[in-house]
Amino acid sequence: MRLPTRLDRYPAKMVSKLADRLMERYALGARRVLDPFCGSGAILVAAHRHGIPVSGVDINPIAALFCRVKLNGFDAVATRHLAQTWIERAERTKEPFPVPWEGKHYWFTPATIQKFERLRSVSLALRLSDSDEGMALLLSYVLAVRLCSRADQRSPKPFISKQANQSRKGRHFDPYRTLRTLLDGLCTLYGGSVQKSQHQFLLADVPNAPSTVQRLGKHSHIITSPPYINAQDYFRNFKLELHLLEDILPFRIADLRERFIGTERGNLLRGVPKETLDANLQILPELEVLQRRNSRLAAVVHRYLHEMGRAFDVVKPCLEPNGCFVLVCGDNLLGGLRIRTWYGLQHLLEQRGLQLFDRFADAIGDRLLAPKRHGHKGLIKEELISAFRFVRPGK
């Protein structure tokens, strides 16, 4: 089922058709499936539909909202009653919970941001994050943010274009009315019955949380689509939502901003051993060309491979002997050069004792892409699916 983008807006999300295909090709009869970069939960939902217990990990708090709503479901009648209480109390409250972000008045009209801040205040009083119904309301709140902003609605990354200025400037977009409409759509998809699925979700930065991730236990399958090399886009895509959600869910913007894999902020090569830099050049010779053209972009690639290697070290102990690791990954275009990301990640997995046994390509022909403008020509046209076995030494 293709989900409406307004109800499933997540950057580079896996289409459900591919997730189902991966389950049927590799995981029928699986004991438990782990997705350590689960995003909005396509792999988790597909495994759940096949009756397979699942574990998901992601650094993005918005991923937690998507996954919990999709996997748990919620009582639609109770949620609509709670929404009515939430909005009525927000309309009456005289103590909004301010968003501590200087940029909020650039993106929202004063009336719009005031309503969001009133909703923030009441969401804490109602403890929305403690229930499935409350999490469904918070997801509708998050999905309303971009729709009620001055941002160009055509782009995955928020920016205020000339067209957006002409069509949206000076208009008031009402969060109360918008989230009610979004909640109706979520009720159709996930409401009506509470699902008691066997799943775990962990909000964590995989490379930096080894003991926490490994407490998830053993899994017969790891199936995942890691973030792209330029994964700072995940923060930029959800910049507005994260600022308005901060303090409602337990995370801090200051912690997240620097931890998204591939970020271009800070000293990218700090902590990356020289032997790792040399090895990366051996794995991807095109990286040496990129270094001559744009050292900053080359550092992005070096950092990405370093952190993905650390992530694989963390999740490998979660895989049972003879378990299956399925990697979904395409190429990236940086500085005019095509970087074979899939090949670099394959090499990292093989270094860690996983053996490739199957591969196929999946063309991306029907995703909603951003408007054409400088920098967007690097969107991949296909992804490679590579399947590995974790074989014990000597077997």
Side-chain angles (χ1 to χ4, degrees), residues 11-12 36-37 39 57-60 157 204-210 213 222 224-237 254-317 325 327-354 356 374-384 386 388:
F37 303 102
V57 186
D58 206 280
I59 189 176
N60 192 343
K157 286 184 282 191
D205 178 18
V206 174
N208 296 302
V213 173
I222 295 177
T224 192
S225 178
Y228 292 151
I229 284 178
N230 54 343
Q232 71 276 5
D233 287 347
Y234 290 96
F235 178 80
R236 293 176 184 171
N237 271 299
D255 296 333
L256 288 181
R257 186 190 298 271
E258 299 294 333
R259 291 165 57 197
F260 276 67
I261 285 181
T263 179
E264 292 189 27
R265 301 175 177 89
N267 182 352
L268 292 166
L269 299 183
R270 180 185 301 147
V272 181
K274 184 179 185 303
E275 55 267 28
T276 299
L277 301 177
D278 294 339
N280 292 342
L281 294 174
Q282 293 295 318
I283 298 168
L284 298 175
E286 59 267 34
L287 185 51
E288 189 169 352
V289 180
L290 184 60
Q291 282 188 168
R292 293 196 297 268
R293 289 188 182 181
N294 189 319
S295 60
R296 184 68 175 171
L297 290 179
V300 170
V301 181
H302 279 301
R303 187 76 197 179
Y304 177 82
L305 293 174
H306 172 64
E307 295 198 348
M308 287 306 303
R310 293 174 60 208
F312 291 158
D313 287 335
V314 170
V315 300
K316 180 184 170 183
F325 192 119
L327 177 75
V328 183
C329 186
D331 293 338
N332 288 102
L333 193 70
L334 282 86
L337 284 175
R338 186 161 294 278
I339 305 297
R340 296 169 300 150
T341 312
W342 64 270
Y343 184 78
L345 297 186
Q346 173 186 319
H347 189 88
L348 293 177
L349 288 170
E350 290 175 336
Q351 281 183 328
R352 287 156 176 79
L354 282 87
L356 180 70
H374 181 69
H376 278 243
K377 60 184 179 180
L379 290 167
I380 60 175
K381 301 299 185 291
E382 70 174 10
E383 290 180 309
L384 292 176
S386 305
F388 303 80

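Just so it is clear, the model here is predicted, and its values are computed rather than measured. Residues take their numbers from the sequence shown, with the count starting at 1.
- A 4.5 Å side-chain heavy-atom check between Val272 and Leu305 finds every atom pair outside the cut-off.
- Take Glu288 and apply the side chain to side chain donor-acceptor pair (under 3.5 Å) test, not counting sequence neighbours, and it matches no residue.
- Looking only at side-chain heavy atoms (C-beta outward), Leu345 and Phe312 come within less than 4.5 Å of each other.
- To the nearest 0.5 Å, atom CG of residue Asn237 and atom CG of residue Asn60 are 10.0 Å apart.
- Under a 4.0 Å N-O distance rule, the pair Arg340/Glu286 qualifies as a salt bridge.
- Remark: the Thr341 side chain and the Asn332 side chain contain an N/O donor-acceptor pair separated by less than 3.5 Å.
- In this structure, the side chains of Thr224 and Val328 stay at 4.5 Å or more apart for every pair of heavy atoms.
- To the nearest 0.5 Å, atom CG of residue Asp58 and atom CZ of residue Phe37 are 8.5 Å apart.
- With a 4.5 Å cut-off on side-chain heavy atoms, Ser386 and Leu356 count as touching.
- The heavy-atom pair separating His306 from Pro273 by the smallest distance is CE1-CD, 3.8 Å.
- The distance from atom CD1 of Ile222 to atom NZ of Lys316, rounded to the nearest 0.5 Å, is 10.5 Å.
- Listed for the Tyr304 side chain is a donor-acceptor partner under 3.5 Å among the backbone atoms of Pro227.
- Counting all heavy atoms, side chain and backbone alike, Val315 lies closest to Pro36 at CG1-CB, 3.7 Å.
- Residues Leu333 and Ile339 have side chains not in contact (no heavy-atom distance under 4.5 Å, counting atoms from C-beta outward).
- Of all heavy-atom pairs between Gln291 and Ala298, the closest is CG-CB, 3.3 Å.
- The backbone N or O of Leu348 lies less than 3.5 Å from a partner atom in the side chain of Arg352, making a donor-acceptor pair.
- Atom CG of Leu327 sits about 6.0 Å away from atom CZ of Phe388, to the nearest 0.5 Å.
- Rounding to the nearest 0.5 Å places CG of Leu269 at 12.0 Å from NZ of Lys274.
- Between Val314 and Val206, the shortest heavy-atom distance links the atoms CG2-O, 3.5 Å.
- Rounded to the nearest 0.5 Å, atoms CD (Glu383) and CH2 (Trp342) are 13.5 Å apart.
- Pro210 places none of its side-chain heavy atoms less than 4.5 Å from the side chain of Arg310.
- For the side chain to side chain contact (heavy atoms under 4.5 Å, CB included) test with Arg303, the passing option among Leu268, Asn280, Ile229 is Leu268; the others fail.
- When only modelled atom types and interatomic distance are considered, Gln282 and His347 share no side-chain donor-acceptor pair under 3.5 Å.
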